[in-house]
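Since the structure comes first, as structure tokens, the remarks are kept for the end.
Not measured: the values here are computed from a predicted model. Chain A is the first sequence line, chain B the second, and so forth, proteins listed ahead of strands; every chain is numbered from 1.
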Number of protein chains: 2
Amino acid sequence: MEVCKCSQLSAEEIDKIRYEMPAQLEIDGLAEFFKVFGDPGRLKIIYYLSKTELCVADLARLVQMAQPAVSQQLKILRLTRFVNFRKEGKTVYYSLHDEHVSELYQIALHHIREL
Amino acid sequence: MEVCKCSQLSAEEIDKIRYEMPAQLEIDGLAEFFKVFGDPGRLKIIYYLSKTELCVADLARLVQMAQPAVSQQLKILRLTRFVNFRKEGKTVYYSLHDEHVSELYQIALHHIREL
DNA sequence: TGCATATATGCGCAGCTATGCATATGTTGT
DNA sequence: ACAACATATGCATAGCTGCGCATATATGCA
């Protein structure tokens with residue numbers, strides 16, 4: 001692989017940086033992670049769950065989405081371990097898995113607000 | 001709007017939570033923000049830029065993407081203010097805009113690593 | 001001006017994704 | 001067993017997205 005003439009870096013430096021690169025699998029994992037936050041509907045769900053535990057029906061009313069749509073998104077949030085759920089009779093209550101979510105929320109808000 | 005029978009929340013509580021909801025515009029902004037991180041190619045670009053300032057050609061070689069593809073992603077990263085750029089003759093050097101990016105990176109990594 | 005280099009843009013397409021809708025599953029009470 | 005309710009799933013589709021490709025722009029040099 002040839003080095004372009006504009007490069008400030010030597011082939012050795014290039015190799016070193018590339019060697020320290022997180023594994024492709026981990027990169028893909030990160031991308032999947034962020035992709036989950038890249039949808040307004042899911043973000044709203046996450047926001048409401050950060051306030052209180054909620055059943056699917058209430059969640060659907062709050063985010064103003066159809067119940068099946070909410071269930072689909074909750075499934076994604078379950079698979080990515082962002083939410084826990086607890087069954088009580090017919091109803092299922094969802095809650096946030098941990099506090100990382102709120103952290104991310106705050107940092108991202110900070111970024112977009114400072115232009 | 002009727003309240004489903006499974007609800008633990010009163011109509012007043014529902015209204016209160018919804019009232020405190022960030023504006024739809026801000027939610028959309030957040031989603032756009034995270035969407036930028038939801039792509040392995042962009043994540044790799046961000047990773048390399050977190051190491052050092054780089055020109056487009058070197059970046060393309062490092063992430064092993066075609067130059068036009070890298071330029072496209074850099075454009076997105078520019079518009080979302082994740083990167084700065086500086087022209088020097090024919091070459092354009094890109095660098096990270098601020099340190100929020102690394103924070104997000106770390107938090108996300110922590111989340112996916114703890115299962 | 002002509003040419004090589006470095007980067008950016010326009011366009012078309014394949015693959016993904018969120019949603020609407022119908023329906024299936026599971027639970028409770030009669 | 002049946003009905004009503006809460007949630008989940010399957011499927012089709014419209015819209016978005018990242019990439020390949022060709023090409024345009026911009027800079028430097030002879």
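By the salt bridge (Lys or Arg N to Asp or Glu O under 4.0 Å) test, B:Lys16 pairs with B:Glu20, sequence neighbours left out. A:Gln72 is linked by a side chain to side chain contact (heavy atoms under 4.5 Å, CB included) to nothing, counting only residues two or more places apart in sequence or in another chain. For B:Glu32, the side chain to side chain contact (heavy atoms under 4.5 Å, CB included) partners are B:Lys35, not counting sequence neighbours. Partners of A:Lys75 by side chain to side chain contact (heavy atoms under 4.5 Å, CB included), not counting sequence neighbours, listed by chain and number: A:Arg78, A:Leu79. Considering only residues two or more places apart in sequence or on other chains, B:Phe34 meets the ring pair (Phe, Tyr, Trp, His ring centres under 6.0 Å) condition with A:Phe37.
Spacing between atom CE of A:Met65 and atom P of C:dA18 amounts to 9 Å, rounded to whole angstrom units. With rounding to whole Å, B:Lys44 atom NZ is found 14 Å from D:dG18 atom P. Residue A:Gln72 contributes atom CD, which lies 16 Å from atom P of C:dA24 at whole-angstrom precision. With rounding to whole Å, B:Ile76 atom CD1 is found 14 Å from C:dG10 atom P.
When both pairing distances are held under 3.5 Å, D:dA30 makes a Watson-Crick or G-U pair with C:dT1.
Look at A:Tyr94 and you won't find any side-chain N or O under 4.0 angstrom from OP1 or OP2 of D:dA6. Between C:dT17 and A:Arg42, no contact under 4.0 Å exists linking OP1 or OP2 to a side-chain N or O.
Annotation: ring pair (Phe, Tyr, Trp, His ring centres under 6.0 Å) contacts involving residues 40-63 of chain A, sequence neighbours excluded, are absent. Among pairs with a residue in residues 37-46 of chain B, none fulfils salt bridge (charged side-chain N to carboxylate O under 4.0 Å, His left out), at least two apart in sequence or across chains.
In this structure the side chain of B:Leu54 never reaches within 4.5 angstrom of the side chain of B:Ile45, judged on heavy atoms.
Interface residues of residues 31-39 of chain A facing DNA chain C, ordered by number: A:Lys35, A:Asp39; criterion, heavy-atom separation under 4.0 Å.
For B:Phe85 and A:Gln73, each mapped to the nucleotide of DNA chain C holding its nearest heavy atom, the one lying further toward the 5' end belongs to B:Phe85.
Remark: the backbone N or O of A:Ser95 is not paired with any side-chain donor or acceptor of A:Arg86 at under 3.5 angstrom.
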Per-nucleotide protein contact string for nucleotides 22-30 of chain D (B base, S sugar-phosphate only, - none; heavy atom under 4.0 Å): B---SBS--
